[in-house]
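Every chain is numbered from 1, with letters handed out A, B, ... down the list of sequences.
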2 protein chains.
Amino acid sequence: MVAKGGKQTLGDDVRARLRADILSGRLLPGCRLKFPVLSAHYDASVSVLREALVRLAEQGLVRSEPHQGFVVTPLSREKLWELTEARIELEALVLRRSVVEGDLSWESRLVAAHHTLERTRYTAEGDDQRVDDDWAAAHAAFHAALLDGCTNRRLLRMALGLRDEAELYRRWSQPLGDEPGRDLAGEHRALLEAALTRDPDAAAAALCAHVRHTTELLLAAADRLDHEQPAPEE
Amino acid sequence: MVAKGGKQTLGDDVRARLRADILSGRLLPGCRLKFPVLSAHYDASVSVLREALVRLAEQGLVRSEPHQGFVVTPLSREKLWELTEARIELEALVLRRSVVEGDLSWESRLVAAHHTLERTRYTAEGDDQRVDDDWAAAHAAFHAALLDGCTNRRLLRMALGLRDEAELYRRWSQPLGDEPGRDLAGEHRALLEAALTRDPDAAAAALCAHVRHTTELLLAAADRLDHEQPAPEE
DNA sequence: CGTCAATAAACTTTCGAAAGTTTGTCGGTG
DNA sequence: CACCGACAAACTTTCGAAAGTTTATTGACG
């Protein structure tokens with residue numbers, strides 16, 4: 001039986017690959033996930049696919065309708081706004097704790113993550129409209145590092161889970177690029193500054209603005225998209 | 001094939017039954033969940049059990065170690081405290097929103113839930129040391145009703161999920177009963193009062209105290225238990 | 001020509017067993 | 001007597017197919 005793959009169990013491996021394919025936009029929101037197709041693509045039997053999908057469903061990345069199979073979680077403006085609200089509340093909460101509780105090792109990792117982010121180019125080389133994959137990874141790592149000082153791993157895990165789901169939406173309107181005038185690097189510097197000076201209020205405020213701003217741009221981009229073709233509404 | 005059970009798919013049904021058995025204390029924390037045994041008990045094949053367990057694992061009720069099967073999530077003082085902290089933060093947050101956003105229908109449901117709770121006897125009929133099952137259900141329903149005014153279903157779901165996990169700990173030290181002097185009914189009345197007068201600060205403070213108090217009693221009970229036999233430590 | 005029921009196709013769910021891994025046992029050796 | 005390695009038992013994971021459900025198609029009737 002096939003037993004390689006780098007992970008420990010095939011199910012874990014398949015789940016990771018499915019997750020990556022969904023978050024990277026290779027499997028689009030609303031897309032049906034049929035077992036015959038997946039089975040061929042991922043070279044795994046129905047059981048392991050089912051396990052992977054059930055796990056992703058519990059996380060909110062896919063949706064399961066009884067006897068109608070699985071679907072990549074469909075996107076809608078309402079859900080994006082709900083998710084954003086939840087992120088603002090929870091991430092602010094965790095960031096406050098992180099800023100207060102984080103030790104020196106946390107500080108160092110945060111500085112390192114910011115340095116990496118700052119030195120990574122934003123747009124992909126060939127295509128100025130597409131965000132670079134490395135930058136996306138560095139961006140996620142920086143935000144994770146920001147929260148990582150929080151000693152309550154449970155709260156931290158929930159906050160990171162919400163960020164993960166938000167990735168889905170980021171890819172949604174990616175081809176349209178961000179607002180040209182936005183000072184993204186500045187926002188990140190402000191976050192770093194507030195964290196290093198141990199100012200929870202400033203950090204929370206900066207993060208709040210950062211997240212809200214991103215969503216507003218996303219919604220605007222979606223509106224523009226609507227004028228050309230119907231959007232993926234629920 | 002067996003197709004009854006009241007639910008839509010066998011997997012859902014088995015998951016619900018397993019969940020109930022864990023929360024009610026019929027399956028104790030740390031207990032190994034072997035497929036041969038479960039398969040016989042729940043009259044279902046390995047696949048559906050696996051699905052159910054994977055889902056519960058994603059929720060935190062059971063734990064999965066690769067190639068070593070599933071275990072009912074073991075309890076420890078550290079984890080209880082971490083969970084309590086998370087609950088205090090998140091439930092307070094959701095309750096504030098609930099109190100501000102809840103409409104008349106919410107108010108009515110809340111009053112109804114409180115009435116049910118108040119008229120349900122606390123200790124089981126035969127055994128004064130054991131909490132009545134109906135009371136436990138009414139208690140859970142009242143707290144759910146408190147939070148239910150929050151329009152952000154995502155935040156609400158997370159808060160309820162944490163409460164669920166906490167149930168695990170409640171059963172842990174149940175045989176020892178609660179502190180005699182505690183005015184539980186009074187605490188619930190205070191919560192109701194603050195909610196109905198739409199005072200988010202008072203409501204959050206009351207909930208915070210309520211949750212923290214419960215955990216402190218639980219920890220004290222666990223300490224007393226330690227003097228007789230080793231506790232279920234990690 | 002549209003509507004509805006019956007049939008066929010496609011897919012999801014569930015099962016039972018094969019394949020693979022861990023855990024426990026037994027016998028031999030230093 | 002303790003320690004180590006091979007063998008066996010028990011269990012987990014994975015598979016492929018049977019069972020059951022939904023969706024699409026076809027043909028008859030109003």
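- Listed nucleotides: dG16(C), dT21(C), dT13(C). Nearest to the side chain of H67(B): dT21(C).
- Residue L33(A) is classed as a sugar-phosphate contact, given heavy-atom separations below 4.0 Å to backbone atoms only.
- Between V71(A) and V62(A), every side-chain heavy-atom pair lies at or beyond the 4.5 Å cut-off.
- Side-chain atoms of P36(A) lie closest to dC11(C) of the nucleotides dT22(D), dC15(D), dC11(C).
- Between the CZ atom of F35(B) and the C1' atom of dC15(C) there is a distance of 14 Å, given to the nearest Å.
- A heavy-atom distance below 4.5 Å is found between the side chains of D148(B) and R153(B).
- The T9(A) side chain lies nearest to dT13(D) when the options are dT13(D), dT22(D), dT14(C).
- At distances below 3.5 Å, at least one donor-acceptor pair connects side-chain atoms of K79(B) with backbone N or O atoms of P74(B).
- As a whole-Å value, the separation of Q8(A) CD from dT21(C) P is 11 Å.
- The residue among R32(B) and A44(B) whose nearest nucleotide of DNA chain C lies closer to the 5′ end is A44(B).
- Remark: the Y42(A) side chain and the D21(A) side chain contain an N/O donor-acceptor pair separated by less than 3.5 Å.
- Protein atom CZ of R55(B) is 10 Å distant from nucleotide atom P of dT13(C), rounded to whole Å.
- Atom-to-atom, CZ of R50(A) to P of dT14(C) comes out at 6 Å; the value is rounded to the nearest Å.
- Atom CG of L53(A) is separated from atom P of dC11(C) by 15 Å (rounded to the nearest Å).
- Between the CD atom of E51(B) and the P atom of dC15(C) there is a distance of 11 Å, rounded to whole Å.
- Atom CD of E58(A) is separated from atom CG of L56(B) by 8.0 Å, given to the nearest 0.5 angstrom.
- Mapping G11(A) and K34(B) onto DNA chain D by nearest heavy atom places K34(B) at the nucleotide closer to the 5' end.
- The pair R157(A)-D164(A) does not count as a salt bridge, with every side-chain nitrogen at least 4.0 angstrom from each carboxylate oxygen.
- Per the geometry, CG belonging to D43(B) stands 14 Å off C1' belonging to dG16(C), to the nearest Å.
- Contact check, Q68(B) against dC11(D): no side-chain N or O comes under 4.0 Å of OP1 or OP2.
- Between R154(B) and E85(A), no side-chain nitrogen of the basic residue sits less than 4.0 Å from a carboxylate oxygen of the acidic one, so the salt-bridge criterion is not met.
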Practice problem: Dot-bracket notation for DNA chain D is requested: 5' to 3', Watson-Crick or G-U wobble pairs only, both distances under 3.5 Å, with ( ), [ ], | and . as defined. | Solution: ||||||||||||||||||||||||||||||
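- To the nearest angstrom, P of dC11(D) lies 14 Å from CG of L49(B).
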